[in-house]
Amino acid sequence: MCGEWTSQRYTAMSDTNHPLLANLNDAQREAVLHTGSPLLILAGAGSGKTRVITTRIAWALETLGTRPQSVAAVTFTNKAAREMEERITSMTDKALGVTVRTFHSFCALLLRMYGSACGINTSFLIYDETDAMTLLKNLLKQQYAKNEIKQLFEDIMRAKDLCIAPDGDVERINRNPAFAEIYRQYEERLAATGNLDFGDLIMKTVFLLREHSDVRAAVQMRFSTILVDEYQDSNAAQFILLKELYGPGTSLSVVGDDDQSIYSFRGAEISNILTFHESFPNTRVIRLEQNYRSTGRILAAASAVVSHNQGRLGKTLLSTRGEGNKISLRFVKDNETEALQCAKLYDENPDMETAIIYRVNSQSRSFEEVFTRFSIPFLLVGALRFYERAEVKDAIALLSLFVNPKDEIAFRRIINTPVRGIGEKTLASILEYLPEAKGDVLESLRLSLDSLSKRARSGAQVFLALYQDLAGQMDLTTTSMFIHEAMFKSGLYDFYRGQDKAEGTAKYQNLEELVSAAQAFPGGKDALATFLEGTTLRAPEYEEPAGKRVMLITAHNTKGLEFDRVIITGCEDGVFPMIRTNMWEEPDREAMEEERRLFYVAMTRAREQLILFSARRRLLFGRWSDSSPSRFLAEIPQETLDIKDNTSKPESMDTRFQRGDRVFHDDFGYGFVVESSIKEGNEAVKVRLDSGRTAVFIPEYTSLMKVEGE
DNA sequence: CAAGATGTAATTTTT
DNA sequence: TTACATCTTG
């Protein structure tokens with residue numbers, strides 16, 4: 001499968017002494033210098049792919065006379081975009097004006113520039129998945145059950161990933177004849193709000209370029225140098241987009257690694273990279289197989305695992321770094337022990353840069369708990385995203401109405417938060433005036449006033465007054481001040497401050513954080529719109545782990561990152577690989593291969609040390625469930641492993657609790673330990689509670705905690 | 001209409 | 001276990 005793509009001989013090069021080319025290996029240099037035809041860089045993990053792509057841009061700007069305005073570098077994640085921009089800027093002072101964006105935000109840019117040609121309201125806001133789902137729910141909740149709606153929603157999203165409009169080949173996705181109609185209605189409703197969903201950003205851009213040759217020509221002229229990072233994660237729509245962007249004078253280069261394709265659930269198609277050379281004739285393929293990141297053992301283990309996949313080009317990564325230590329594989333009895341051992345690893349070597357990687361966000365909990373208990377500094381990456389928190393979404397909904405008064409979803413969300421006596425019934429009767437109000441929700445509210453009950457009417461009037469008041473201020477102040485005023489006058493500040501202490505404060509602080517997030521924005525409607533686009537399309541930046549914070553992160557989120565020490569947790573079948581619980585479905589080879597690639601990504605993040613944890617049982621939904629070791633563990637060559645099994649030997653004599661210990665139990669409160677012994681492999685602690693009662697606890701199953709010096 | 005009570009479903013992964 | 005949805009009561 002890989003024979004046709006053997007590395008081509010590298011021919012005479014221009015000035016290899018140029019500082020930009022210094023320290024590049026032959027293949028990297030070749031990739032930087034290639035011109036004239038599409039370029040596919042197949043870059044293995046840790047092979048310096050970002051370095052190559054950024055150097056390529058810097059080289060073009062410095063020596064080929066490429067104008068920065070003509071360069072578009074497209075990535076998949078904000079993190080990657082941010083990093084790329086930084087690196088280009090540090091390489092050349094000619095970088096000002098280069099466009100570095102995610103696919104989605106690049107398309108948003110194009111649609112705002114040229115969208116009016118195809119009737120798109122160019123001051124659209126972007127609905128995230130929740131908003132879009134709400135829209136569909138409102139449309140279907142009478143006729144469909146919740147999980148049916150969910151399925152239909154996924155199908156609509158998938159249609160957009162495939163760039164299929166309602167009048168297109170929708171049978172490919174859902175053969176139910178009702179589907180096309182539902183999809184059409186959804187699009188109609190969405191269009192009525194004047195907003196776009198994630199999928200639209202790509203799909204509508206494709207349609208724009210496809211149907212308006214003048215726009216296409218202008219865009220091709222404008223962005224004549226296009227680079228795509230993480231190309232293996234592109235979906236069908238993004239591939240079609242590239243084809244549309246690719247004109248006679250376009251310099252197109254893409255970088256990717258088929259072994260690191262981990263987004264097929266979002267429509268990513270590995271075939272995009274596997275067949276790139278067929279789609280873009282005369283493609284030059286360059287392979288980067290020299291790994292500069294990981295030790296030999298880590299690389300050998302990761303390569304061995306991923307070699308079990310069938311659908312891949314195949315490559316050999318060469319280590320430049322010597323063997324290194326063996327990979328440590330530790331079996332532990334449960335997820336809490338796993339977390340405790342991670343804490344211990346930290347204590348042994350607190351200065352080593354460390355990431356704790358897990359498959360699903362919910363796994364982070366035990367680490368958060370244990371690390372907090374032991375005062376270990378950690379950074380939790382992307383668990384519940386800032387802009388998806390309820391209070392922040394409320395705030396954003398309110399603000400959205402000032403940019404787009406047709407935003408029905410935002411209106412529904414904020415009209416009765418804080419409570420204004422407008423419930424579901426009232427809301428429905430207000431929205432009946434929507435057609436008459438030409439979609440403007442505030443106008444519709446105004447028109448409905450006379451028909452409302454007294455209580456609802458006064459609430460509505462308060463809201464209208466608030467809106468007018470704030471709208472009058474919009475151009476007079478900065479975005480940040482405007483948001484502050486809006487939070488204050490709408491009562492959102494008080495509403496969230498008033499809630500029960502701890503959580504209320506956190507929510508209030510999040511609102512304040514939103515205010516400071518807008519700091520750099522001047523003021524007025526356009527600035528607010530730009531700020532709001534950022535809230536859906538851009539994750540807020542977290543400070544880099546200043547110093548020695550352990551990073552808690554999902555495997556997906558680690559893409560493009562590297563750490564001295566990597567700890568992969570939950571190496572159990574069902575967890576990693578994650579296996580869908582549908583017993584009746586046949587085991588899905590492709591899904592399993594994607595899990596394996598994800599595991600490969602996680603493994604190859606490690607520079608020095610790789611540690612794998614596999615727990616015998618794990619607390620899921622508040623129930624203990626037994627698990628068996630991940631099948632991927634068996635694919636790692638034995639000679640690279642150092643296995644510690646702490647589960648078979650009884651943790652015998654050393655009981656955690658001793659007579660006289662002060663303890664606390666979640667349900668029963670404080671008490672003193674009377675005695676502690678091992679019974680049937682578990683520690684049994686007899687406690688005399690302060691209430692006077694005596695009870696025996698198995699700390700294994702209950703939350704008995706030692707309380708220090710009281 | 002709001003607040004409290006009760007019931008139930010849920011865990012992939014991200015723009 | 002928790003979060004969220006739906007039902008019940010004031």
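Note that these values count all heavy atoms, side chains included, but never hydrogens, waters or copies made by symmetry. Protein chains get the first letters and strands the later ones, always in sequence-line order, with residue 1 at the start of each.
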Roughly how many Å is it from [atom1] in [X] to [atom2] in [N], rounded to a whole number?
X: A:Leu620; N: B:dA10; atom1: CG; atom2: P; value: 15 Å
X: A:Lys559; N: B:dT14; atom1: NZ; atom2: P; value: 11 Å
X: A:Leu201; N: B:dT14; atom1: CG; atom2: C1'; value: 14 Å
X: A:Ile126; N: B:dT15; atom1: CD1; atom2: P; value: 13 Å
X: A:Asn78; N: B:dT15; atom1: CG; atom2: P; value: 6 Å
X: A:Phe576; N: B:dT12; atom1: CZ; atom2: C1'; value: 11 Å
X: A:Leu452; N: B:dC1; atom1: CG; atom2: P; value: 10 Å
X: A:Glu572; N: B:dT11; atom1: CD; atom2: P; value: 19 Å

[X] bridged to [Y] by N-O distance under 4.0 Å:
X: A:Arg266; Y: A:Asp161; result: no
X: A:Arg617; Y: A:Glu336; result: no
X: A:Arg618; Y: A:Asp334; result: no

Tell me what [X] touches on the nucleic acid: a base, only sugar-phosphate, or nothing, going by heavy atoms under 4.0 Å.
X: A:Asp128; value: nothing
X: A:Ser362; value: base
X: A:Arg623; value: nothing
X: A:Phe76; value: sugar-phosphate
X: A:Glu594; value: nothing

request  = Please measure how far the C1' atom in C:dT6 lies from the corresponding atom in B:dT11, and state the result in whole Å.
outcome  = 22 Å

Tell me whether the side-chain N/O atoms of [X] come closer than 4.0 Å to OP1 or OP2 in [N].
X: A:Asn557; N: B:dT14; value: yes
X: A:Thr554; N: B:dT14; value: yes
X: A:Asn361; N: B:dT13; value: yes

Among the candidates [options], find the nucleotide nearest to the side-chain atoms of [X].
X: A:Phe198; options: B:dT14, B:dT15, B:dA2; answer: B:dT15
X: A:Glu595; options: C:dA5, B:dA10, B:dT12; answer: B:dT12
X: A:Arg359; options: B:dT13, B:dA2, B:dT15; answer: B:dT13
X: A:Met578; options: B:dT15, B:dT12, C:dA5; answer: B:dT12
X: A:Val419; options: B:dA3, C:dA5, B:dT15; answer: B:dA3

task = For A:Glu572 and A:Ser630, test the side chains for any donor-to-acceptor distance below 3.5 angstrom and give the result as yes or no.
result = no

task = Answer with yes or no whether the side chains of A:Tyr508 and A:Asp494 bring together a donor and an acceptor at under 3.5 Å.
result = no

query = Can A:Asp229 and A:Lys49 be said to form a salt bridge (charged side-chain N to carboxylate O under 4.0 Å, His left out), step by step?
reply = CA-CA 9 Å; A:Asp229 196 7; A:Lys49 123 187 109 67; 3.3 Å; yes

ask   = Do we count A:Phe265 as stacking onto B:dT13 if the rule is ring centres under 5.5 Å and planes under 30°?
value = yes

query = Closest nucleotide of DNA chain B for A:Thr77 versus for A:Thr426: which of these residues is on the 5' side?
reply = A:Thr426

note = 5'-most contact on DNA chain B (nearest-nucleotide basis), A:Asn147 vs A:Lys425, goes to A:Lys425

